[in-house]
Amino acid sequence: MRKRTRSSWRAHVAGRFGVPVALLGLVTGVSPLTATVGAHAGTTQNYIVLYGASAVPADASASIAKAGGSLVYSYPQIGVVIAKSDSETFRDIIVKDSRVEGAAATAAFATQVKNQLAKTDDASGPPPGDLPNAPATDSDSLSGLQWDMRQIHTPEAHAITGGSPAVLVGDIDTGIDFNHPDLRQNIDVADSANCLSGAPVPGLAAQDGNGHGTHTAGTIAAAANGQGIVGVAPNVKIAAIKTGTDNGGFFFPEAVVCAFVWAGTHHMDVTNNSYFADPWLFNCKNDPVQRAIWKAEQRAIRFAMQQGVTVVAAEGNESDDLSHPTQDVTSPDFPGGTEQVRAIHNDCIVIPVEISGVIGVTGDGHNMQANGGYLKSFFSSYGVSTADVVAPSGDSIFGRNAEAVNGRVLSTWPPSLPCTRSVKEHTGDVAEPTVVYCYLQGTSMASPHVAGVAALIISMFGNLNNPSNGKMSPGVVQAYLSQTADPQPCPSAVPPGYDAFVSISNGAPQVCTGGTGHNSWYGDGQVNALSAVTHKP
């Protein structure tokens, strides 16, 4: 989710409609901002140091010390180290090492997740795989409020499988409420980690102090236990990889690198990524400082996928056509008040959604369009080359109806954190006697639906051997998702008022291009959990 800019139009939209805008990172061509994001005298900062050989040399710690820094953590799998220094000249010195491809301070390279809660608003199929599976029910106390699950046919899928406890989903987010009674039986504490420093701290250190991560985790894997809601894959295990800060929900590059390497080395089957990495909305490749950040993150993401991790990512909430970017007005979003207008072009990408092999997810609400299919959420970004599938993200303006009374998606929430649109249950549970669920909207809500369906696919068809993790390769999972999605046509007409929601970045109207089989708003269509678990390859 993304921080509001100083633009009065954007402030009006975000303030009025409370869109949780997915934080986006970017970088430009030759950027006038480079000078403003370097090291500050006397301030200790983290740095990403990128080695050209995709390997960390044995004397890295010594060479970093000689340049005036110290080694925080080394990722030899991808040729990246995290260092820290209070020296203004650290980067200038370290890049003189011929083995170093690039280096950059990371403090200005954050993205932000921001929940603006107080503002508006036949079951037969292929033979099962070799993983243990069991069906699940959808009769929990708040299941009636889950229009989003019925929209993608998870109750019918659960009659076949609720997922396998042998499948592990990593939620790269702000952490998880380890005590939430609707989550804790499915949480893998040992494989959870706090990556905020750039060095992983395993276990309960991944406690959520923001709320966003707990919400996405519930959509993926809330248990079918009679209480609250039921997630898309209520029998799978979920690990929290805390990458976003509690205060402001900023995602810094060292944390993103740490998260993907952790996922790759800890046998994750899927990761959900309801954020966008790097400092700015669009990440252009030809600025030497910014390129070091971009390439380190790309290496980490590709490493995870090579280990068998299916990576699912939100498209963003800027109403932008990511395949045809022209301008960015929202960046950088850290520190506050430094946003600048800058021209961008097609070599500028959003990470992780535009990394090859990552499954990009747009969002829709719960109202049908005139010619069939569900209307894309007014805030959801899109792109013919970036959108793979669509899933429910909520829409508080054009997605309201008798079943979706406020248009938003309900999921788990920490009881100590504020939520304006909450549902509470008093259970007498010792750890959390009052259990809280919160309504939110955003492509951050769409992505975990797809991550959950991916987990069901791996659970059901785990006999399709993947040499990396013994289950299914990311490419096969993506093919199953696309082949079983329900095609959505471009709308023949949009509701009155919809066309007022233009791109936040450049004011361009939202235009759907492509055919029913694949288009810029919906990709290959809306995910269908039942079709996915009964797919005949």
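Remember, it's a predicted structure, so these values are computed and weren't measured experimentally. Positions are given from 1, in the same order as the sequence printed here.
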With a 3.5 Å cut-off and no angle check, do the side chains of [X] and [Y] form a donor-acceptor pair?
X      : Y      : answer
Ser380 : Glu315 : no
His158 : Thr137 : no
Asn210 : Asp246 : no
Thr216 : Asp173 : yes
His535 : Thr484 : no
Thr412 : Asp182 : no
Asn46  : Glu254 : yes
His449 : Asp148 : yes
Thr443 : Asn317 : yes

* Asked: Parallel, tilted or perpendicular: which fits the ring planes of Phe251 and Tyr275, with parallel below 30° and perpendicular above 60°?
  -> parallel

* Asked: Mind checking whether Tyr75 and Tyr73 have parallel, tilted or perpendicular rings, split at 30° and 60°?
  -> tilted

Could you grab the distance from atom [atom1] of [X] to atom [atom2] of [Y], nearest 0.5 Å is fine?
X      : Y      : atom1 : atom2 : result
Ile187 : Ile238 : CD1   : CD1   : 8.0 Å
Ile241 : Asn273 : CD1   : CG    : 8.5 Å
Gln307 : Gln77  : CD    : CD    : 8.0 Å
Ile229 : Tyr437 : CD1   : OH    : 6.5 Å
Gln478 : Met305 : CD    : CE    : 9.5 Å
Asn179 : Thr214 : CG    : OG1   : 10.5 Å

* Candidates Leu131, Val236, Asn133 - the one meeting side-chain contact (heavy atoms from CB on, under 4.5 Å) with Thr161 -> Asn133

* Structure fact -> With Pro448 as partner, the option from Val409, Val169, Thr219 fulfilling side-chain contact (heavy atoms from CB on, under 4.5 Å) is Thr219

* To do: Would you confirm whether the ring centroid of Phe501 sits within less than 6.0 angstrom of the ring centroid of Phe379?
  => no

* With the threshold set at 4.0 Å, does a side-chain nitrogen-carboxylate oxygen contact exist between Lys237 and Asp269? -> no

* To do: Verify side chain to side chain contact (heavy atoms under 4.5 Å, CB included) between Lys376 and Tyr498, making sure each step is shown before the conclusion.
  => CA-CA 10 Å; Lys376 182 184 75 67; Tyr498 188 98; 3.5 Å; yes

* To do: Using the side chain to side chain contact (heavy atoms under 4.5 Å, CB included) rule, take Leu410 and Leu142 through it: C-alpha gap first, then chi angles, then the decisive distance, then the call.
  => CA-CA 9 Å; Leu410 185 69; Leu142 300 179; 4.3 Å; yes

* Begin from the C-alpha positions of Tyr480 and Phe461 and carry the test ring pair (Phe, Tyr, Trp, His ring centres under 6.0 Å) through to its verdict. => CA-CA 10 Å; Tyr480 272 49; Phe461 306 109; 5.3 Å; yes

* Asked: When you look at Ile78 and Val261, which way does the side chain to side chain contact (heavy atoms under 4.5 Å, CB included) test go after all the steps?
  -> CA-CA 8 Å; Ile78 60 173; Val261 176; 3.9 Å; yes

* To do: Looking only at non-hydrogen atoms, find the nearest pair between Leu481 and Ile359 and report the distance.
  => CD1-CD1, 3.6 Å

